Amino acid sequence: MKTQTIKFIAFIALLLTSYAATAQDNEIKTLKVVNPPHSAGIRIGDVLERQIEVQVSAPYQISRQALPLKGSVRDGIELSDIQVDDLKGSQAPGYLIKLRYRVFANAHVPTSMALPAEGFALTGGAKALSIKLPAWQFWFSPLVPAEIKNVKEQLIPQFKPTLVDVVPHQQRLAVLLSLLVIGLAGLLYINADSRWLPFMNGAFARAHRKLKKLPRTQTSEKEALLQLHQAFNSVNGANLFEGDIAGFLSKHPQFSKLRNDIEQFFQRSNQALFGEWHHDSAQFIGELTVLSKRLRDCERRVS
Amino acid sequence: MSPPLDNQLSDWRSHALKLENEVKKVIVGQDKAIRLMNIAIFARGHVLLEGGVGVGKTTLLQSIARCIGGAYERIEGTVDLMPNDLIYHTYLGEDGRPKIDEGPLLRAGENLSVFFFNEINRARPQVHALMLRVMAERHLHAFKREYRLPHMVVFADRNQVEKNETFEIPSAARDRFMMEIPIEVPEDRELRKALMFNVKFQHAENLTKQVESNVLQFDQLNAFSDQLQSFIKSSDAIEEYALDLWDATKSPEKFGIKMDTVDVNRLIHTGASPRGMGMLLKAARVHAWLMNRDRLYPEDIHAVFHELIAHRLVFNSMYENRRTILARELTSHILSTVAVPAQVKAA
């Protein structure tokens, strides 16, 4: 009988407790709890923040005098800041409570710790109600291994980042840049009527190349004269005749040192092409080849 | 027995050069024109003179006529000039009866060496027709007989400044003239100063008298000219070159000739005539002889090319009013573009 009485009393107490809890739930409505994003790898000195949004029924309101004490340390966790703001945009009174903790605990091995549970008392009503924020578990990680004696031995070398192999890229870049440079040079060369490079393709250089290849026979003599006349015409920009030599040399003074040779060339050319001139063709073509070489050197301004 | 040809050539050359020097004593700044007229005399060609008023054309002609020897006649081109005026003129004699005398063309007969037709383009085309026929044939039928004018060279001047009451000489008529020689005011400042201030230039008649007369034997010029033409030889290369020049007067675009203000493809209506090219070579041979050569060089052709070819070109009508400038520009381009030797012919 006594046992039954005790069980009955316990049942009633439990029932009342349950009712009280239900009554508190009705007065306080927890909207959101935001905990730190990581629950592992926390180290000494780390700052952890959590916040809770609640709505309370009127006439209850948070008691700002009974807030957890800023600077209080519990199990090595310091409450470094607390901030209570009213929730905006809701009809019933609501609060946004921001808590900032700093970890000052230390351990040599990974240890389970917790941000402490907090209670925020409500006033203004008949009941003694409070907002409960449960504890939040996290794993504390030590900065150094346990029982460390020589730090230098314990140092773990940092891994070098894996380098991207740039050699193939550099090679490709070099090849493409070379092609670009060659292409631009080619364009310039073509645009300059193939005479951009001073040592290439000058009129007398072309004539000299052709004269060197000519057989030293009488039939080639006219061809040799033709090549040299064409070179003179090309440099002069118009046909050049014996009477125009002075004007030509004043326009192209680089050939002035060969004035006598040029005059002699035109006289001999007239004799060979338009007159009767008995001579040794092989020797004449040889002399023309030498003259073309000297004219080429003048053209290149190297003599 | 006539002297050897070499001696004749040498003697005549010295006479020709003396003629130039004599004329240069009284005509300054016209060396090129004098040389060209000398060439025309020995090539037996008629000459058209182009130039402004008062540049000394008449004095130049009178001086040359004096050197050549023979008779010199002159007529002024006017709008009312008729062909008959060249052949005869009528007048009343002392006895009151009408009389007829020979005109300027016939007056001197075979002794006529220089006939100057001043301002030929003022005369009517009928006069041109007679004159051009006489130039070509060198004889005329009048007074029931044949008048021969074998030694006559015509120098005509055309007024290019005024256009009123003038009759442009058609291209076929221009072609009869061997050369058209420009007579321009000398560019040299000292020469122009001398022309202004030196009193000796004020009396053209006195000036002409300073020139030695009869330097040449006018009645032997025809025969010598034939000998001279046969004496000067031309190579294949120069003949090819002359042919290229001829083609270039007809189709300059084929030789890559370009002119700044003209579409060359549409410029030419008719190029040089075969007679013109024949005269070109004739004059070039005289130049070669004057340069003491027996062979034609390109320079000989160049020396007479402008004056032989420019007045023979016929342009399309849109360019005809600029013919004097364009013709000289084109001939310059032809000489500077057509190459010699242009190519090597297979042997």
Side-chain angles (χ1 to χ4, degrees), chain A residues 193 203-204 206-207 210-211 213-248 251-252 262-279 281-282 284-285 288-289 292, chain B residues 31-32 35 231-245 247-248 252 255-260 281 284-285 287-306 328-347:
Chain A
D193 198 19
F204 287 110
R206 278 200 305 267
K210 288 184 179 170
L211 257 66
K213 294 174 189 168
L214 280 178
R216 307 288 170 97
T217 60
Q218 192 179 1
T219 49
S220 304
E221 188 178 302
K222 197 173 175 187
E223 172 68 23
L225 289 167
L226 173 71
Q227 292 300 334
L228 265 179
H229 275 295
Q230 282 183 344
F232 273 113
N233 293 348
S234 172
V235 173
N236 190 43
N239 287 341
L240 183 69
F241 295 97
E242 192 179 353
D244 308 323
I245 292 173
F248 171 76
K251 269 199 321 189
H252 304 280
I262 293 170
E263 286 172 350
Q264 190 184 38
F265 162 74
F266 275 90
Q267 286 164 8
R268 286 183 167 189
S269 169
N270 279 341
Q271 288 171 346
L273 289 170
F274 313 117
E276 283 182 326
W277 186 39
H278 304 289
H279 59 283
S281 293
F284 185 46
I285 295 176
L288 292 180
T289 309
S292 68
Chain B
D31 292 2
K32 190 181 179 191
R35 167 54 62 95
F231 175 70
I232 304 294
K233 301 286 186 290
S234 54
S235 66
D236 285 345
I238 201 79
E239 287 171 5
E240 292 294 325
Y241 178 56
L243 270 175
D244 284 344
L245 291 177
D247 288 344
F255 292 81
I257 293 167
K258 290 177 182 168
M259 293 165 72
D260 292 338
L281 271 299
R285 287 188 200 103
H287 185 268
W289 166 70
L290 286 173
M291 299 303 288
N292 201 15
R293 275 189 268 105
D294 62 353
R295 289 274 172 171
L296 266 184
Y297 282 7
E299 286 83 343
D300 300 320
I301 296 178
H302 298 172
V304 294
F305 190 74
H306 292 296
R328 291 197 70 80
E329 194 180 339
L330 178 63
T331 51
S332 296
H333 277 87
I334 288 173
L335 292 185
S336 64
T337 308
V338 177
V340 51
Q343 56 190 358
V344 177
K345 278 179 69 179

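So that the names make sense, note that chain A is the first sequence line, chain B the second, and so on, each numbered from 1. As the structure is a prediction and not an experimental result, all values here were calculated from the model.
- Judged purely by atom type and a 3.5 angstrom limit, A:E242 has no side-chain atom pairing as donor or acceptor with the backbone of B:E299.
- Dense packing is recorded around CD of B:E239, with more than 12 heavy atoms of other residues, nucleotides or ligands lying under 6.0 Å away.
- Contact annotation: the side chain of A:Q271 approaches that of B:Y297 to within less than 4.5 Å [non-hydrogen atoms, C-beta and beyond].
- For B:H333, no part lies under 4.5 angstrom from a heavy atom of chain A.
- The contact between B:I238 and chain A is made by backbone and side chain atoms together, counting heavy-atom distances below 4.5 Å.
- The only option from A:N270, A:L273, A:N239 that meets the side chain to side chain contact (heavy atoms under 4.5 Å, CB included) definition with B:P298 turns out to be A:N270.
- The distance from the CZ atom of A:F274 to the CZ atom of B:R295 is 11.5 Å, given to the nearest 0.5 Å.
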